[in-house]
Every structure is written in structure tokens, then in C-alpha cells.
Engineer: 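Take a look at the following structure, please.
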There are 2 protein chains.
Amino acid sequence: MVSQADPLSATFAALSDPTRRAILARLAQGPATVGELAAPFAISAPAISRHLKVLEHAKLIQRIKEAQWRRCKLEPARLHQAAEWMDQYRQFWEAQFDSLAQFIDTLKETDRPPLGSPV
Amino acid sequence: MVSQADPLSATFAALSDPTRRAILARLAQGPATVGELAAPFAISAPAISRHLKVLEHAKLIQRIKEAQWRRCKLEPARLHQAAEWMDQYRQFWEAQFDSLAQFIDTLKETDRPPLGSPV
DNA sequence: ACCTTATTTAGCAGTTATGTTAATTAATGA
DNA sequence: TCATTAATTAACATAACTGCTAAATAAGGT
């Protein structure tokens, strides 16, 4: 969980905190200042500031100085990279879905008469 | 980074370590025993055992006792869940790709005469 | 029973993460 | 210049992560 590690490790480490995921969800609706991002949370401003630093370090967000505010916006490239990593495993859950679907079909065949048979 | 946290946090925390991702990559090629999984790494057996515990706790793998071995296999459901979470943000990187494509088109228009113009 | 192999648990150390409060920096505006 | 607002950094406490070595558990073979 060393934040300076490879990009993928930094991305997943950043995403492993629910506060940070909530911040990203908020930023998905548009840019926001640090204060706006902090408002919904019960934790202190410095704590939010550190979460933002983690997100910025992982290059998941960008912080742009605007007068006395810092406007934060989503930077999607690293999310894209992480999603591509997960895609490697897509075949596995799709295979599982197929076997589930197959299993459900089996149940239908066992529990009910085939479609179109007399009632 | 509390491993007992919500499933998504546990998943991302588990994925934030390169050794654990390498273990998953190995398991994508088929089930393996702990010893087989440990072989490529320079770290001790207990360290691997703990990584496997993290992966098992995150429900990314299953460990099945077979004689004196423990066969490990990939369990894709949580990866699927994480991939679905990321899909929420797909529009953002796709939008970025669009603007990059647009930018490249702009360059082409600037640097070259339009297609079909006299040489 | 005993030895070997496979794997985990215990105990320890060093590093990293997260939160707090208090102090600091930076910009705005009277 | 001074007060206000926005946000960060400093200093500290606590908990978690990761690795090690040594010891324990579990199963199999002789």
C-alpha cells in the first residue's frame, strides 16, 4: 500500500477508502472546491485535504488553484487503466454468469413442465 | 484500509498490492497450490500465506483443502462488482478519448491541406 | 510411531495510513 | 494593514500492513 508504488497499486489503494470513493462520485457530477467536497463528511478539513492529496498523487483528480479556492476535477485516465486491468478477468465472471444461467435453466426444466405442454 | 470494511474497499485494498495481483494473474491460468503460487516470489512462505488470506478474506479467491495441500482458485464475483463500480466512470474516459481524437483531427486540419485539395 | 512435506500461526520490527487539534500559508476585501 | 475565509502543513497518537524467523499444525508415507 505504498502510495509511491506503481500506478495500478496507487490507483487501487486510493480507491480502497469509502470517503475517497464518495469524493470521486461527487466529482463525477462536476468540479468542486475542497470545502464543497468536505461538507458531506463528519471528518475534519485536514483529513479531507489528505484524502485529496492521495487522490491527486494517484492522478485520479487534478487540483487547480482559483483565487483562494482549489477547484478539484476528476481525471479519468488512471480509472480507465484500472478498468482495463480488470477486463483481463472479464471472461471469468462471464463464464460464471453463463453457468448460473445454465443452472437456472436446469431448475426450470426440473421444476416445471416444458413450455407449451398441457396444463 | 481495514480489511473487514465494505466489500468494495476490501476488494480494492486487496488489489493494491502487486504481489497479490500477480497471484491473481497466476490463478487466471488455473487453480494452484500455495507452494506453486509462492515459487515465483522471493518472499517467505508466511508472507505468501498472509497475502492469500487477504485475497480469501476479500473473497477474490477460494482455498480448498486437498490432502496436505490447499488448492487456490479465482473467485470472480467481487472482481465483477469492482468492474461494475468502475463502469460508473466509463463515460469520463470515453469523453476524454473523444476530445483527444477531436484534438488530433484539429491538428490534421491545421498541418495539412484538406483531403482532395490540389498537391 | 516417526519423518517429511505443506501450510499456517505467533511474536517481533519497521513503515504507512488515518484521524485529531493547533499553527501556518495564501488570497480577498474593508 | 488587519480581519476573514480557504486550505494546507506540523506534530502527535493509534491502528494497520508487510515482512522476517521460529514454532506449531496437519496430512502422508515408511
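In this text, all values refer to a predicted model and were calculated from it rather than measured experimentally. Chain identifiers are assigned alphabetically (A, B, ...) following the order of the sequence lines, protein sequences preceding nucleic acid strands; residue numbering begins at 1 within each chain.
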Engineer: May I ask you to verify if any side-chain N or O of A:R70 is less than 4.0 angstrom from the OP1 or OP2 atom of C:dA27?
Structural biologist: no
Engineer: Check the angle between the aromatic planes of B:W85 and B:F12 and answer parallel, tilted or perpendicular using the 30° and 60° thresholds.
Structural biologist: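 Answer is perpendicular, since the angle exceeds 60°.
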Engineer: In whole angstroms, how far is the P atom of D:dT5 from the CD atom of A:E66?
Structural biologist: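 A:E66 atom CD is separated from D:dT5 atom P by 20 Å.
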Engineer: Distance check: side-chain N/O of A:S49 vs OP1/OP2 of D:dA7, anything under 4.0 Å?
Structural biologist: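 For D:dA7, neither OP1 nor OP2 has a side-chain N or O of A:S49 closer than 4.0 Å.
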Engineer: Going by heavy atoms in the side chains, are B:C72 and B:E56 under 4.5 Å from each other?
Structural biologist: no
Engineer: Do any side-chain nitrogens or oxygens of B:K53 fall under 4.0 Å of OP1 or OP2 in C:dT9?
Structural biologist: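 Yes, within the criterion.
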Engineer: Send over the distance from B:E36 CD to C:dT7 C1', rounded to a whole Å.
Structural biologist: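 About 14 Å, once rounded to whole Å.
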Engineer: In this structure, how many angstroms lie between the P atom of D:dC17 and the CD1 atom of B:I43, rounded?
Structural biologist: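 The distance from CD1 of B:I43 to P of D:dC17 comes to 16 Å, rounded to the nearest Å.
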Engineer: Can you work out whether B:I48 or A:W69 has the more 5'-proximal nearest nucleotide on DNA chain C?
Structural biologist: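 First, find each residue's nearest nucleotide; the 5'-ward one identifies B:I48.
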Engineer: In terms of the nearest nucleotide of DNA chain C, which residue is placed more toward the 5' end: B:V34 or A:A45?
Structural biologist: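 Result of the comparison: B:V34.
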Engineer: Please state how far atom NE2 in A:H57 lies from atom C1' in C:dT16, giving the value in whole angstrom units.
Structural biologist: 14 Å
Engineer: Quick one: B:Q68 CD to D:dA27 C1', roughly how many Å, whole number?
Structural biologist: 5 Å
Engineer: Tell me whether the side-chain N/O atoms of A:H51 come closer than 4.0 Å to OP1 or OP2 in C:dG19.
Structural biologist: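 Affirmative; the distance criterion is met.
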Engineer: Please round to the nearest 0.5 Å and tell me the distance separating atom NE2 of A:H57 and atom CG of A:L55.
Structural biologist: 12.0 Å
Engineer: CD1/A:I23 to CD1/A:I48 distance, rounded to the nearest 0.5 angstrom?
Structural biologist: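 Reported value, rounded in 0.5 Å steps: 4.5 Å.
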Engineer: How about A:F92 and B:L79: do any of their side-chain heavy atoms sit closer than 4.5 Å?
Structural biologist: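 The answer is no; the side chains never approach within 4.5 Å.
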Engineer: To the nearest Å, how far apart are A:E56 CD and D:dT8 P?
Structural biologist: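 Between P of D:dT8 and CD of A:E56: 9 Å.
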Engineer: Report yes if at least one side-chain N or O of A:R50 is closer than 4.0 Å to OP1 or OP2 of D:dT9; otherwise report no.
Structural biologist: no
Engineer: How close or far is atom C1' of C:dA6 from atom CZ of B:R71, stated in whole angstroms?
Structural biologist: 12 Å
Engineer: Please state how far atom CZ in B:R63 lies from atom P in C:dT8, giving the value in whole angstrom units.
Structural biologist: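 Taking atom P of C:dT8 as the reference, CZ of B:R63 is at 5 Å.
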Engineer: Examine C:dA27: is either OP1 or OP2 under 4.0 Å from a nitrogen or oxygen in the side chain of A:K65? Give yes or no.
Structural biologist: yes
